[in-house]
Peer 1: 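Once you've had a glance at the structure underneath, I'll fire off some questions.
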Number of protein chains: 2
Amino acid sequence: MREIQSLARGLKILNRLAEANGTVSITTIASDLQIDKGSASLLLQTLANYGFAEKDPHTRQYKLGPSVVQLSRSLLTKMPLRETAKPFLLQLVHDTGECAHLGVLSQGKVLYIDQVESSQTLRVNTEVGFTAPLHCTALGKVLMAWNATEMPVDFPRATPRTIVDPKMMQFELDKTRSLGYAMDDEEFNLGVRCIAAPVIDYRGKVIGALGISGPAARLPIDRIPEMAKKVTAIAQALSDRMSFIKQD
Amino acid sequence: MREIQSLARGLKILNRLAEANGTVSITTIASDLQIDKGSASLLLQTLANYGFAEKDPHTRQYKLGPSVVQLSRSLLTKMPLRETAKPFLLQLVHDTGECAHLGVLSQGKVLYIDQVESSQTLRVNTEVGFTAPLHCTALGKVLMAWNATEMPVDFPRATPRTIVDPKMMQFELDKTRSLGYAMDDEEFNLGVRCIAAPVIDYRGKVIGALGISGPAARLPIDRIPEMAKKVTAIAQALSDRMSFIKQD
DNA sequence: TACCTGCGTTGTATATTATACAACCACATT
DNA sequence: AATGTGGTTGTATAATATACAACGCAGGTA
């Protein structure tokens, strides 16, 4: 597998800009990514030429440019899974009263590609594009359970309840596969529980996961099976629908 | 201005993937962008390694990868203009009953950064990321009027009412500057009128535009001044607020 | 089934071009 | 005004992207 170095460097810079809080200086980028200051300058200029980065002419610092927003829209609007899933997410919110998510694998993480909030809260959809670790989210466990290659090497702790032992995780994934759904029991955010189930392709491949999340108080352990039934039912219905979509 | 060729090629490929409908083959990309088939293959592989492109293993075709969605979210959630503008957009929708937009300049086009739909329609925010030509949109005229460098060379016709003559456009921009707002009189979509006003920085720079759009029937010519007053009032209020934001 | 065609990948030699280094310049800070 | 930090740019070098060609694979067709 050959890789074009300068392109790879440019992409790494984009990721670096994305994880920064504000703007970033060239020297910071250069030292973080171990590349020459002058080379970094050229790469940033190129990124800026195409709108992928933007330079504040005053501070001479860089940040992400607007082109990435265009690309994102292009991807999201053409994604059959997302388009198809929308009504199912709405239905799920209606059935459970909790907010619903749709996620896919991206670079060893869960990428949230759609979300429907429960009734009262009318917050906008900024959570689209959010990424979370696989091992401490319900969506992530589902994606791991049916994509063996995607198992991360370490499981950093997010809360006291996070599963950090690989053996325990194996057990957890076995359970997920046999039950047909996964749960996140305050393993990512304290006080929040999630339940997720797989979305299956026309080829039988797990291409995504959908689920609900809510405060632990509204999702007590003894109600989990009942709620999980609703989640798996919707996921199954969506999978059935997806089986007609040949594309991709 | 030096440009890193291979990075530039990679970014061009991303744009090419974005404008495609479905997936794209390597040969198509190579011939469209006038690059060697083998080189294109390497570039695509590199893009795929970082999640910026995705290869369908079956058809061997490529499409955009999920990383762009992450980048987009990172940009949008950290954009002070967008965060600050939200309540003003909501207010504008409340005041006028029409749907409101917020846009910025990107690569010689208007990029829609946020949108609030009027009451009944509950469509999701997929229009974020949409781009339109400058010369036939109200937002675009505003951005052009106060950014002299951004004048495009040609003005392709979108509807019979599109202004295609550069002289006429100069007049239009003069009018925009003196009135403090711009209008799109069915110049982009037949039956749709828009009104937009500038959003101004703490430095006095026009950093964006906000506006409303609605069916011509609800926005007759004789009601334009009255509606424009509401738009400019909100834009002014947002500008005042933005004057406290030093960042960027 | 066998052949053919079109497409993607990969090996390799070449020279293009990215890179590192250093000098220069612009700011900001003291 | 002087000093230091950080960005840009010129230039020589060699690393590396590139083009070309050969190979392999899959799909379609006879």
Side-chain angles (χ1 to χ4, degrees), chain A residues 1-17 20-65 201-203 205 246-248, chain B residues 1-17 20-65 201-203 205 246-248:
Chain A
M1 182 183 298
R2 283 192 293 178
E3 197 172 86
I4 305 294
Q5 190 190 54
S6 48
L7 176 54
R9 284 181 166 184
L11 302 179
K12 281 179 196 157
I13 289 177
L14 288 180
N15 283 329
R16 181 63 187 77
L17 292 177
N21 274 331
T23 59
V24 194
S25 72
I26 292 217
T27 20
T28 310
I29 293 174
S31 75
D32 282 10
L33 273 61
Q34 312 249 54
I35 57 184
D36 181 72
K37 195 174 52 157
S39 307
S41 178
L42 273 324
L43 291 166
L44 260 317
Q45 278 180 38
T46 307
L47 289 171
N49 282 347
Y50 291 88
F52 285 77
E54 221 173 40
K55 181 210 242 169
D56 182 339
H58 194 238
T59 67
R60 324 232 136 192
Q61 307 227 47
Y62 282 90
K63 60 181 175 185
L64 285 179
D201 209 344
Y202 69 103
R203 310 225 106 192
K205 184 168 158 49
K246 301 294 180 315
Q247 183 161 325
D248 182 271
Chain B
M1 182 184 299
R2 282 191 294 177
E3 199 172 83
I4 306 294
Q5 190 189 55
S6 49
L7 176 54
R9 284 182 166 185
L11 301 179
K12 281 178 195 158
I13 290 177
L14 287 180
N15 284 327
R16 182 61 186 76
L17 292 178
N21 274 331
T23 59
V24 194
S25 72
I26 293 220
T27 21
T28 311
I29 293 175
S31 74
D32 282 9
L33 274 58
Q34 313 249 50
I35 59 187
D36 182 72
K37 195 175 52 158
S39 308
S41 178
L42 273 324
L43 290 166
L44 261 316
Q45 277 180 38
T46 307
L47 289 171
N49 282 346
Y50 292 87
F52 285 77
E54 223 173 39
K55 181 210 244 169
D56 182 338
H58 195 237
T59 68
R60 323 228 141 194
Q61 307 227 47
Y62 282 91
K63 60 182 175 181
L64 285 179
D201 208 345
Y202 68 103
R203 311 224 103 191
K205 184 169 158 50
K246 301 293 180 314
Q247 182 162 325
D248 182 273

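Here is the naming used below: chain letters follow the sequence lines, and residue numbers restart at 1 for every chain. Keep in mind it's a predicted model, so treat the numbers as computed, not measured.
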Peer 1: Among the candidates D:dT18, C:dT9, C:dA20, find the nucleotide nearest to the side-chain atoms of B:L43.
Peer 2: D:dT18
Peer 1: To the nearest Å, give me how far apart NZ (A:K37) and P (C:dA23) are.
Peer 2: 12 Å
Peer 1: From C-beta outward on B:S41, which listed nucleotide comes closest to its side chain: D:dT11, D:dT18, C:dT9?
Peer 2: C:dT9
Peer 1: Under 3.5 Å, is there a donor-acceptor pair between the A:Y62 and A:Q45 side chains?
Peer 2: no
Peer 1: Atom CG of A:D36 to atom C1' of D:dT9: distance rounded to whole Å?
Peer 2: 12 Å
Peer 1: Roughly, in whole Å, what's the span from CD in A:Q34 to P in C:dC21?
Peer 2: 13 Å
Peer 1: A:H58 has an atom NE2; how far is it from atom P of D:dG6, in whole Å?
Peer 2: 17 Å
Peer 1: Rounded off to whole Å, could you give me the CD-to-C1' distance for the A:Q61 and C:dA26 pair?
Peer 2: 15 Å
Peer 1: Any sub-3.5 Å donor-acceptor pair from B:T46's side-chain atoms to B:L42's backbone N or O?
Peer 2: yes
Peer 1: Could you state the atom-to-atom distance from CD1 of B:I35 to P of C:dT9 in whole Å?
Peer 2: 13 Å
Peer 1: Given C:dT12, C:dG8, C:dA18, identify the nucleotide with an atom nearest to the side chain of B:S6.
Peer 2: C:dA18
Peer 1: Answer whether the closest heavy-atom distance between the side chains of B:K63 and B:K55 falls below 4.5 Å.
Peer 2: no
Peer 1: Would you mind reading off the distance between A:K55 atom NZ and C:dA26 atom C1', rounded to a whole angstrom?
Peer 2: 12 Å
Peer 1: Please find the pair of heavy atoms, one from A:G10 and one from A:L47, that lie closest to each other, and give the distance.
Peer 2: O-CD1, 3.9 Å
Peer 1: Using a cut-off of less than 4.0 Å, is there contact between a side-chain N or O of A:Q45 and OP1 or OP2 of D:dT9?
Peer 2: yes
Peer 1: Among C:dA20, D:dT8, C:dA18, which is the nearest nucleotide to the side chain of A:R60?
Peer 2: D:dT8
Peer 1: Between A:T27 and D:dG7, is there a side-chain N or O to OP1/OP2 distance below 4.0 Å?
Peer 2: yes
Peer 1: Does A:S39 have a side-chain nitrogen or oxygen under 4.0 Å from the phosphate oxygens OP1 or OP2 of C:dA20?
Peer 2: yes
Peer 1: Does A:L7 or A:V24 map to a spot on DNA chain D nearer the 5' end, using the closest nucleotide for each?
Peer 2: A:V24
Peer 1: Is there a donor on the side chain of B:R9 or the base of C:dT17 sitting less than 3.5 Å from an acceptor on the other?
Peer 2: no
Peer 1: Between atom CD1 in B:I4 and atom C1' in D:dA17, what is the gap in whole Å?
Peer 2: 12 Å
Peer 1: Check whether any side-chain N or O of B:Q5 sits under 4.0 Å from OP1 or OP2 of D:dA17, and answer yes or no.
Peer 2: no
Peer 1: Is there side-chain contact between A:R16 and A:D32, with at least one heavy-atom pair below 4.5 Å?
Peer 2: yes
